[in-house]
Q: 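Sharing a structure here in structure tokens format.
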Amino acid sequence: MNIKKIIITIIAICSLTSAHAQYIIECEDTCNHIHGLDMSHYQGTVFWEAVGEVANNKMYYVYLKATEGASNIDKRYLQNIEMAKRAGLKVGSYHFYRPRVPQDVQLRNFRAQCRPQDQDIIPMIDVEASGGLSATALCDSLQKFLTLVEREYKQKPLLYSGQNFYNQYLAGKFPAYKLMIAKYSNPEPVLIDGRDIFAWQYTGKGHIRGVNGYVDKSRLLGRHTMREIRFVHR
């Protein structure tokens with residue numbers, strides 16, 4: 001095979017690969033569940049108009065990272081929440097919880113970014129680091145923070161964790177809080193305490209037009225509806 005034929009073959013293979021990448025079949029393309037996204041600065045510049053076009057009748061909500069620990073602020077949060085709302089998605093905000101940081105300090109950080117008037121759905125608290133604490137100590141620390149968040153926003157936040165982390169540290173606790181559980185393989189997650197799961201984050205490598213790279217995707221389980229996590233403005 002001469003050089004010219006080799007080059008033509010390589011170009012053809014690349015073209016087919018590119019075309020395939022543009023038409024990856026995603027979970028929301030093949031089912032009727034209520035789907036959503038989890039976004040932060042890790043996605044870089046997001047073209048929200050394109051996301052909104054795809055999201056119509058497929059993606060209903062997006063949780064945006066607002067803050068982490070004592071002082072970390074997601075650098076794209078303010079832009080993302082404004083543009084996501086313009087694109088027609090129901091938006092909510094989440095805080096990555098650091099167990100060893102004073103709860104009131106973390107609340108001040110979150111409250112400064114997560115303004116009630118901007119929220120369509122209840123806040124979410126991301127718990128996937130123990131900070132070296134025992135399960136009992138972690139749960140005590142987390143409960144104090146959840147109580148502060150509930151007092152501030154007048155509604156219970158959604159609690160996010162991975163299946164394994166939940167089973168190891170959080171099982172049997174926080175029965176009054178709805179759960180979003182991450183598990184990136186089939187079948188659906190199962191918790192050792194038998195808790196009902198509101199939403200399942202089923203992939204950390206989803207695709208959607210408007211985002212250059214991977215996105216986290218989730219969907220509601222069972223008969224759960226968006227109405228259950230609607231942010232009540234008082």
Side-chain angles (χ1 to χ4, degrees), residues 27 33-40 42 60-69 72 74 92-103 106-107 109-110 114 121-153 155-206 214-226 228-229 231:
C27 179
H33 296 103
I34 297 174
H35 289 261
L37 302 166
D38 174 337
M39 308 275 269
S40 70
Y42 289 114
Y60 290 80
Y61 63 91
V62 57
Y63 268 105
L64 300 168
K65 184 176 182 180
T67 51
E68 177 177 334
N72 184 285
D74 191 279
S93 307
Y94 76 90
H95 174 81
F96 190 99
Y97 184 65
R98 292 294 182 184
R100 289 189 176 274
V101 177
Q103 292 82 10
Q106 295 195 65
L107 178 66
N109 186 26
F110 187 51
C114 179
I121 52 181
I122 60 177
M124 183 168 73
I125 307 306
D126 182 342
V127 187
E128 48 187 307
S130 70
L133 300 180
S134 68
T136 299
L138 171 62
C139 289
D140 288 345
S141 170
L142 178 57
Q143 183 61 71
K144 292 176 183 176
F145 184 66
L146 293 175
T147 299
L148 290 177
V149 173
E150 182 178 354
R151 187 179 303 160
E152 176 66 28
Y153 292 99
Q155 46 216 305
K156 293 183 183 297
L158 186 65
L159 192 56
Y160 169 96
S161 192
Q163 176 185 261
N164 293 338
F165 189 90
Y166 179 93
N167 285 339
Q168 181 177 354
Y169 289 99
L170 309 179
K173 306 293 185 179
F174 313 108
Y177 296 86
K178 295 184 185 302
L179 302 174
M180 180 184 288
I181 297 296
K183 177 177 180 283
Y184 298 156
S185 62
N186 285 317
E188 295 177 2
V190 175
L191 303 178
I192 59 173
D193 57 5
R195 280 286 307 280
D196 174 67
I197 298 172
F198 176 79
W200 170 26
Q201 189 179 91
Y202 56 86
T203 183
K205 293 188 175 182
Y214 294 132
V215 293
D216 297 339
K217 289 184 175 181
S218 58
R219 64 179 176 87
L220 307 193
L221 292 180
R223 296 180 178 274
H224 289 297
T225 67
M226 290 294 295
E228 298 174 57
I229 57 170
F231 192 102

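If you're wondering where the values come from, they're calculated on a predicted model, not measured in any experiment. Just so it is clear, the values below take in all heavy atoms, side chains as well, and ignore hydrogens, waters and symmetry mates.
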Q: Looking only at heavy atoms, what is the nearest atom pair of A129 and L138, with distance?
A: O-CD1, 4.1 Å
Q: Flag the pair K156 / L146 as yes when at least one side-chain heavy-atom distance between them is below 4.5 Å, and no otherwise.
A: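 Not touching, per the 4.5 Å side-chain cut-off.
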Q: If you look at every heavy atom in K65 and D74, which pair is closest and at what distance?
A: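 Looking at all heavy atoms of both residues, the closest pair is O-CB, 3.2 Å.
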Q: Got L142 and L170 here, is their nearest side-chain heavy-atom distance under 4.5 Å?
A: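 Of all side-chain heavy-atom pairs linking L170 with L142, at least one is under 4.5 Å.
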Q: Is the shortest side-chain heavy-atom distance between I122 and P157 below 4.5 Å?
A: no
Q: Are the aromatic rings of H35 and Y202 close, with centres under 6.0 Å apart?
A: yes
Q: Taking only Lys NZ, Arg NE, NH1 and NH2, and the carboxylate oxygens of Asp or Glu, determine whether E188 and R219 approach each other closer than 4.0 Å.
A: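 Yes, this pair counts.
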Q: Looking at side-chain heavy atoms only, is the closest gap between T67 and F96 below 4.5 Å?
A: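 T67 vs F96: side chains apart.
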Q: For L158 versus Y63, what's the shortest heavy-atom pair and its separation?
A: CD2-OH, 3.8 Å
Q: For A199, does its backbone N or O pair with a side-chain atom of S218 as donor and acceptor, under 3.5 Å?
A: no
Q: Test D38 against V62 for side-chain contact (heavy atoms from CB on, under 4.5 Å), laying out the working first.
A: CA-CA 6 Å; D38 174 337; V62 57; over 6 Å; no
Q: Can you tell me how far CD of E228 sits from NZ of K178, rounded to the nearest 0.5 angstrom?
A: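 One gets 4.0 Å once the value is rounded to the nearest 0.5 Å.
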Q: Once side-chain hydrogen bond (donor to acceptor under 3.5 Å, both in side chains) is applied, what residue pairs with a partner in residues 133-142 remain, sequence neighbours excluded?
A: Y97-S141, Q103-S141
Q: Using 0.5 Å steps for rounding, measure from the CD atom of Q201 to the OH atom of Y160.
A: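 Atom-to-atom, Q201:CD and Y160:OH are 3.5 Å apart.
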Q: State whether the side chain of Q106 and the backbone N or O of V101 hold a donor-acceptor pair below 3.5 Å, judged by distance alone.
A: yes
Q: Taking the side chain as every heavy atom from C-beta outward, state whether Y94 and I125 have any atom pair closer than 4.5 Å.
A: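 No. Closest side-chain heavy atoms not under 4.5 Å.
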Q: Under a 3.5 Å cutoff, is there a donor and acceptor pairing between the side chains of N109 and H95?
A: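 Per modelled atom types, N109 and H95 side chains form no pair under 3.5 Å.
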Q: Have a look at I181 and tell me which of N167, L159, N164, L191 forms a side-chain contact (heavy atoms from CB on, under 4.5 Å) with it.
A: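 Among N167, L159, N164, L191, the one meeting side-chain contact (heavy atoms from CB on, under 4.5 Å) with I181 is L191.
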Q: Whether the D193 and Y166 side chains hold a donor-acceptor pair (N or O, under 3.5 Å, no angle test) is what I'd like checked.
A: yes
